[in-house]
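Below: the structure, in structure tokens.
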Amino acid sequence: MNEREQAMSAQVLEFLAHAQALETESGERYRELSETLEIHNNPEAAALFQKLAHYGESRAEEVVQQTGGMALPELPPWECQWLSAEGPHRCMEEAHYLMTPYQALRLVLRNESCSCNLYRRSLRDAVDLGVKKIASEMIREKEKHLEWLYSCIEREAETHHPPQEDLDPPNAPE
Amino acid sequence: MSTAQDRKNLKPKDYKSEIKPIWCPGCGHFSVLSAITKALAHLGLAKEQVALISGIGCSSRIPAYVDTYGFHGVHGRALAVASGLKAARPDLTVLTAGGDGDGFSIGGNHFLHACRRNMDLTYIAMDNEVYGMTKGQASPTTAPDWSHSKLTPHGTGIRRFQPAAIALASGASFIARGFSGDPSGLARLVVEAIQHPGFSFVHVLSPCPTFRPEQRAWKQQVHPCDLETTDNPIDAAHAIQSDDGRSLGIFYIESLPVWRSEKAAQRSLSRIEQEFLV
Amino acid sequence: MSTAQDRKNLKPKDYKSEIKPIWCPGCGHFSVLSAITKALAHLGLAKEQVALISGIGCSSRIPAYVDTYGFHGVHGRALAVASGLKAARPDLTVLTAGGDGDGFSIGGNHFLHACRRNMDLTYIAMDNEVYGMTKGQASPTTAPDWSHSKLTPHGTGIRRFQPAAIALASGASFIARGFSGDPSGLARLVVEAIQHPGFSFVHVLSPCPTFRPEQRAWKQQVHPCDLETTDNPIDAAHAIQSDDGRSLGIFYIESLPVWRSEKAAQRSLSRIEQEFLV
Amino acid sequence: MNHSYFTPHENAVSITITGSGGSGAVTAGLVLLESVARAGLYGLMGRSVGPQIRGGESAAMVRFSSQPVDCPGDRFDLLVALDWRNVLRFVDEIPLDERSLIIADPAAGDAPEALTQSGAQLLTLPIKEIASGVKGGRINMVALGAVGAVCALPPDAMTESAAHTLAPKGDAVVAAATECILKGYDSVAEGRSFAAAPRPERARARWNISGNEASGLGALRGGVRFVAAYPITPATEILEWLAPRLEQLDGTLLQAEDELASVNMIIGASFGGVPALTTTSGPGLSLMMEGLGLAVASEIPAVVVNVMRGGPSTGIPTKSEQADLNIAIYGFHGDAPHLVLAPLSITDCIATTQWGVGLAERLQTVAIVLTDQSLGQARAVIDPPEMPLFTLSRQLADQPTDPYLRYRVTAEAVSPVTAPGTADGIYTGDGLEHNERGAPSSIAADHLAQLEKRQRKLEGFDYGKRWAEIEGEGDICLLTWGSSAGVVFEAANRLRAQGQTVRVLAVRLLAPLRTQILREAIGTAQRVLVVEQNHQAQFFHYLNAQQALPPSAESYARPGPLPIRPGEIVDLVQQGGDV
Amino acid sequence: MNHSYFTPHENAVSITITGSGGSGAVTAGLVLLESVARAGLYGLMGRSVGPQIRGGESAAMVRFSSQPVDCPGDRFDLLVALDWRNVLRFVDEIPLDERSLIIADPAAGDAPEALTQSGAQLLTLPIKEIASGVKGGRINMVALGAVGAVCALPPDAMTESAAHTLAPKGDAVVAAATECILKGYDSVAEGRSFAAAPRPERARARWNISGNEASGLGALRGGVRFVAAYPITPATEILEWLAPRLEQLDGTLLQAEDELASVNMIIGASFGGVPALTTTSGPGLSLMMEGLGLAVASEIPAVVVNVMRGGPSTGIPTKSEQADLNIAIYGFHGDAPHLVLAPLSITDCIATTQWGVGLAERLQTVAIVLTDQSLGQARAVIDPPEMPLFTLSRQLADQPTDPYLRYRVTAEAVSPVTAPGTADGIYTGDGLEHNERGAPSSIAADHLAQLEKRQRKLEGFDYGKRWAEIEGEGDICLLTWGSSAGVVFEAANRLRAQGQTVRVLAVRLLAPLRTQILREAIGTAQRVLVVEQNHQAQFFHYLNAQQALPPSAESYARPGPLPIRPGEIVDLVQQGGDV
Ligand SMILES: Cc1ncc(C[n+]2csc(CCOP(=O)(O)OP(=O)(O)O)c2C)c(N)n1
Ligand SMILES: Cc1ncc(C[n+]2csc(CCOP(=O)(O)OP(=O)(O)O)c2C)c(N)n1
Ligand code: SF4
Ligand code: SF4
Ligand SMILES: [Mg+2]
Ligand SMILES: [Mg+2]
């Protein structure tokens, strides 16, 4: 490896570290939502988020595999810009315990498109060819996923009724 | 037992316990939980060396969800429990968390005195400007014209409690504000707060979509605070007094002697008992 | 029953009761008593329309020495009692008085919330920077290096509680500082405080010659505050934060809506009961 | 009393509607309760919820009868499951048997075995399908219609109740609900209704009220015009009900910063001459004890309605228990005589709270009124309660002596008091021991005089018959207090139906205990059984402390969260001495 | 026990020195007490003060004997008045009779009639004149010398004690005091000394200790290394003694902002594995109850030493009363079993506080130790107490199960606990009801299991003989607790001397009450008399609540501020059944 290649691979590693943080965050958030929706007796939305959590987690795994055994740089959470205001955690606040799978999918769609846009930005801004290569692979993968989401949304839209208002009063557990 | 090496490899999710939150989906408290676990992982703290103390409220349920030592006490007394723990066990990293009702209404006095005392503690106030757990009453931070609680049908008509201003006036040495909608930024504040030697106060805007659905708009309202972090209390007072309550960042860091238990030349108990001899 | 004319002729000593203070000779609290009676006489308030509420401490003994309605409650709760009284009886002039321990240590939370609530109350804090009644322990306003209490033999090591700064940060609408060594000046502050519509806080430096003989030097240390009274909280914050704690005068007056009990269209109880009918 | 505690077991039907968040189980229960009222019957509704704030599972439990209903039954006649999710959480709370009926939608899946193994019959209805056939239709209203059919309730009663309850949601919601109810009603085949269900009667004016509302009303009837409090489950609804209504009566409700403030605020208001009250539950009561002691010592009337929940500490906030008796009676430092009262039913929350306020005012002391979650958060259909004929108010010193002796030792030991504003009645109230004038005193004679005065004014007062509810005569004496009374009265009736002679003694005035009359009321009963819902048998021990019980008396104390059921008591009595 | 409660009445001398502010009565008393010790005798010193913070009148009361002294006598043998100002305030507290002697300076004016009408003899001495004859001389030391002469105490003992006590004031003061003492001694004519005064003995090692210091020492012996507290009379001296000494033992004392903070701070420290304690008096205890309930529910060891004073509310802060028994036993919301202990004497404050700490640690619960002003603020000369032979400490889960079950229901119902820092023992302590793992639970079975566990660990523990002090056999059984024990033991001795057979039962472990053993200890006594210092007979009622007393048991309860004197009990018993 010459010097240039080494520098390049540092940038690739940094890109991968960001991607890994992003996908891990998504996966964890989906899992958290899945668990809380389960507790709130919404098995349909819970099942969907569980599936998506798997997806996020395996994406994160795949990212790590691309390093070919090299350690990713330690990235404090706040240095991963992708996790800031526009990151995948946003879906949490939009969640509601009565949300339908359709609503859940729309929320995920927003989130995943946002991830995809972040990869696209890297593709656009990167000078490093390695980064460009990996980013375009990731975009391809993301686009496939988005397509799948679109199709799910279409399917769900047919039978979708927005949730009815909760007529029951809230509880005060403490 | 975990080695230092293991610890370094702990991920945020390793700091989550197996107990699932009862919080409403969409509750800001989830992100505070996530920020805390990120901060602990970043600092690589051994789980057993951390204790998270709380009072009562939705927010105060958090210790059970973090896989460190935890204590879920009574309403309003979290900082007192934490202060006792830290004084007796200075080797531990002691975090305190809870809601605006817990911390600023019933717990207001301990907040004042914890700020003054400057023990090496971190206090994370999860502020949703409402009592979530008891179904939506006004808290000290609620705007005076919020009239959705049956207990104050015309609004409280009372000025809001300003956590940062009170912290400063009480003598806190680290004051910051974060937003649950930005858990990574919040994680950074928590890391800095833990690293700060002395009492660190992190005021977190953490929406309650159930009783304050309009708080979803906080996302649009928050903004970085425009001042540089200062160690001048007069500048900080200026910044905080003129602040809109939605600015994020670290307002104030001061380097102050940290409270510590005084030690004298050691004597044995039987030596002490000699004093009673006539 | 006294007529308005009688009242006009009441002298300060007419507002003193027949009970003799238990205070130590030289105690600053005597002058506070005198300032209060002067203020009442000046305002010509009917004795029976005034209530003076306190907690526990040497200072808190004051209601028995004033010939108005009085209530000597428990430690730290004077402002809560006064708030309930004022809310239920807005026709009365309600004064609250007590010590630094009573008001800022155990009573700190009520102080915060009384400042916010802005009821038309006057609170006179008789600050001697010590617990007189229990024989000389450090209070929140005691300097950190005062080491004469056996409970804190190296000093508390803790920042002083800043009453004026806390009052301002909590939203008080009238903030002043007086000195018992200047009872006439103090009387003026008390008069203005009573006249202020809303919560008025008068911080009084009132030496305890028994446990803090060095406070005799306060006479030399006090000085008028150099700023004009302001209604701008930012200016006031500036003034108070940079203040040495010994400046006298009115720091802050703000014209704010006074708390009042909300009233709705009146209905009879039997009309209300109809709601239960199926 | 305009209300008997008798509820014939055979003539009552118990129904539970369960479902997860958003399914509307609680709303259906509320409409059902009102329907029962419109059908001329009486009813009681409780509910149980999961630990989530929203979206958890919930169960509404309604029992109705042609007689007033003051306790849950032993078993449920009907369970309607809007879905099966997490219904198992309620298994302990919903005893079923082979005479029970389960209504469910096959589309929701199979009923869990934990329920079916009771032998209950299953009636399947296409609830969801029916609901989706109605624009804006909801399964809870369909289920409600089916309940009506099974219980032979008039459809009008249900649709009118739904219209009333749902009116704020708009006409479309009401129309959809009406249609769902009727369709649900029709979906039940004829001949599937309960044979023994209470028959609808000609409708009479009834009230639909919760125990917490009833306590609020009692406060207003007693003259309370100032309330300061801090929210806490399960007491908050008292405040929610009072806040707007106090305004209409020129009164004030103040949300305090904590319980230390609220108790001291009511002391301030009451010192000002305005009858004042606060409400709380166990943890809050603990924080109030110092303030209450001040009220006792300074002789300021003050009332606390303490809605008990599972303890100790934070305990089980949403469940009922009668475990705050000890702190209410004994939780003061020093000798601090005061009043403790406990309503015996939801209806009784009105009169007993009113009485508590009146006594506190009359005797210038503290009254702690002990209700609990099972009364406070339940609703009942009751006869409109009359205003009881007592007038208890503060004795004012309009013409004070000179000097005015605030704490004068009088014949009846109550010292007439002034309120601020009275020209010749100036005094300083004090929690320090004082002489008659109110000046601090540590002289033994003053201390003794004031201790005795504070005790004597309570001991010597004539409380009349209201101190307890006594029913029947016999060898068996069932003693109880507070919310357990309903269960004990029903158990006694069943025992009587079996030929036993039973006396019930349900104590309302717990302190000062009317020991002598109580002993007489127990008389020579062969068997005395003390029933209460806590772990340490607090009432039993208290009665012993007062030497009110014969040595052979037995205790039946059982903690929450499950309610005590009448059958438990019947079984106990039948088992003989082996409690 | 290395210390008998027997104090022969005849062999004890009671002396009071009174004077107004600045006269040095209390200092004279302190020196007198130490002199007594140096003379090889035992002694007890109490004091009484006016309401002023400084400069009020005060009285030092010293009783000494050749046997340990645990209570005041019936009367005073000697009153020394440094002046007559305000001495009347003490009239009730200083019973004199014709056998008493009053020493006074004619220059101070005539003795008030209220004193002389007792028939006491008057011995006039030119105290002031003697003092002014010494450079820097003070009347209190002259008076002290006179006391020594009357009581036949060796002058050396007095001058050495004065030198020791006054050493911090410098040599000149010591020299003047020495001279005054000797001159005062000489001023009493020979033959004026008491015939029956206890004879000085060969000096042995003795301790001079106050009850509050003793409680502090007990805490340290028990292993307490963290204290948080808020000052309050009469408990503050415990903190004053502990603060510097905890530092020397690597411990910490924190002055908290209030009692809510202090109790929660000790919970925090104890959660951290450090044995922790707080101290307070009635008003503070009221504020701590919520926190103590949390400690009970979350099973965190926590100890409160509550130094009782006159109640209710602010009451009489400087005087003693045993009126916080109710709140200590019953003052919790919910069912909250815990420990209540009461030392029986100043000496016993050491062992009982130590035992309380040990039991709280061993049983993971709350221990409330009830001392009072009469013990706490009095000083005694005692035999150096040995360290009692018990080792009670927290059972640590060094090898926690996986998952670690913090609240495991074990055979003895105590669940081994971890402290933060233990790698595999992570848990969350909780005051919400929980399951064995510590997770919140509202399931009936979990609630019952935890309620029973918390009760059983206390009930089932073997407390050994320390639960009470039992002395004598007989038809008369005197039952008492805490500080009243000293009086009762002395009364019993006098009764025995009169030929009665008396058993004394002084209870140290009040909760859980060892009911069965207590009943056995009462046995078949014909007459049972329960003695305590409060108004409502709290202990008597508590014993009845536990069904520990025969129906014929009688109560002798009398409030403060005056101490109960042995003669009162003797008279009562002699009067027969008319208590
Ligand atoms: C002494 C006491 N008083 C009142 C309560 C009832 N209570 C429980 S949580 C709560 C307020 C919670 O509000 P906050 O602290 O803001 O937390 P959130 O639920 O909003 O996160 C109250 C009043 C209690 N548990 N204990
Ligand atoms: C609940 C409670 N805690 C503690 C005390 C003891 N106490 C009485 S007065 C006092 C402090 C008084 O200090 P401050 O208020 O400054 O009044 P000062 O005597 O200095 O005028 C304390 C701690 C008490 N009476 N009640
Ligand atoms: S009620 Fe509000 S604060 Fe509580 S869990 Fe729900 S959203 Fe969060
Ligand atoms: S002790 Fe201090 S505050 Fe109290 S009366 Fe004396 S001088 Fe005043
Ligand atoms: Mg909140
Ligand atoms: Mg002071």
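In what follows, chains are A, B, ... by sequence order, proteins preceding strands, each numbered from 1. These numbers were taken from a predicted model, which means no experiment stands behind them.
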For this session: Name the member of Gly425(E), Gly431(E), Gly291(E) that forms the most heavy-atom pairs with chain B at distances under 4.5 Å.
Result: Gly425(E)
For this session: Heavy atoms only: give me the nearest Arg437(E)-Glu18(B) pair and the separation to one decimal.
Result: NE-OE2, 3.4 Å
Exercise. Between Thr418(E), Val381(E), Val263(E), which has the largest tally of heavy atom pairs under 4.5 Å with chain B?
Worked result: Thr418(E)
For this session: Please check if the side chain of Glu262(B) supplies one atom and the backbone of Thr252(E) the other of a donor-acceptor pair under 3.5 Å.
Result: no
Seminar exercise, completed: When Ile266(E), Ile300(E), Asn264(E) are each screened for side-chain contact (heavy atoms from CB on, under 4.5 Å) with Val81(B), the one that passes is Asn264(E)
For this session: Select one option (side chain, backbone, both, neither) describing which atoms of Ala228(E) are under 4.5 Å from chain B's heavy atoms.
Result: neither
Seminar exercise, completed: Residue from Leu92(B), Val66(B), Ile53(B) scoring the most non-hydrogen pairs under 4.5 Å with chain E is Leu92(B)
For this session: Could you tell me the separation between the CG atom of Asp250(E) and the CZ atom of Arg267(B), rounded to the nearest 0.5 Å?
Result: 14.5 Å
Exercise. To the nearest 0.5 Å, how far apart are CD in Glu257(E) and CZ in Arg117(B)?
Worked result: 4.5 Å
For this session: If a pair satisfies salt bridge (charged side-chain N to carboxylate O under 4.0 Å, His left out) and one of its residues is in residues 82-92 of chain B, list it, with sequence neighbours excluded.
Result: Arg89(B)-Asp91(B)
For this session: Would you name the heavy atoms of Phe226(E) and Ala88(B) that are closest together and state the gap between them?
Result: CD1-CB, 4.0 Å
Exercise. Chain B: which of Val274(E), Leu246(E), Leu294(E) shares the most heavy-atom pairs with it under 4.5 Å?
Worked result: Leu294(E)
For this session: To the nearest 0.5 angstrom, please state how far the OH atom of Tyr69(B) sits from the OG1 atom of Thr422(E).
Result: 4.0 Å
Problem set entry | Heavy-atom pair count under 4.5 Å with chain B, highest-scoring of Met265(E), Glu160(E), Arg38(E) | Met265(E)
Exercise. Which of residues 268-278 of chain B get closer than 4.5 angstrom to chain E, counting heavy atoms alone?
Worked result: Ser268(B), Leu269(B), Ile272(B), Glu273(B), Glu275(B), Phe276(B), Leu277(B), Val278(B)
Problem set entry | Interchain contact, Pro403(E) with chain B, by part (heavy-atom threshold 4.5 Å) | neither
For this session: List for me each residue that meets side chain to side chain donor-acceptor pair (under 3.5 Å) alongside Glu254(B), sequence neighbours excluded, and say none if there are none.
Result: Tyr252(B), Arg159(C)
For this session: Heavy atoms only: give me the nearest Leu254(E)-Ala87(B) pair and the separation to one decimal.
Result: CD2-CB, 4.4 Å
Exercise. Which pair of heavy atoms, one from Leu85(B) and one from Gly268(E), lies closest together, and at what distance?
Worked result: CD1-O, 3.4 Å
Exercise. When you look at CD of Glu201(E), are more than 12 heavy atoms from neighbouring residues, nucleotides or ligands closer to it than 6.0 Å?
Worked result: yes
For this session: Among the options Met387(E), Glu34(E), Glu290(E), pick out the one with the most heavy-atom pairs lying under 4.5 Å from chain B.
Result: Glu290(E)
Exercise. Given a strict heavy-atom distance threshold of 4.5 Å, which part of Ala297(E) is in contact with chain B: side chain, backbone, both, or neither?
Worked result: neither
Seminar exercise, completed: Minimal heavy-atom distance between Gly251(E) and Ser261(B), with the atoms involved, is O-OG, 3.6 Å
Seminar exercise, completed: Highest number of heavy-atom pairs under 4.5 Å with chain E among Pro63(B), Gly84(B), Ala264(B) belongs to Gly84(B)
Exercise. Do you know which of Leu253(E), Ile209(E), Ile267(E) has the most heavy-atom pairs with chain B at a distance under 4.5 angstrom?
Worked result: Ile209(E)
Seminar exercise, completed: Closest heavy-atom pair, Gln266(B) versus Glu247(E), reported as atoms and distance to 0.1 Å, is NE2-O, 3.0 Å
Problem set entry | Close approach to chain E in residues 97-111 of chain B, criterion heavy atom under 4.5 Å | Asn109(B), His110(B)
Problem set entry | Largest heavy-atom contact set with chain E, pairs under 4.5 Å, which of Gly73(B), Gly76(B), Ala82(B) | Gly73(B)
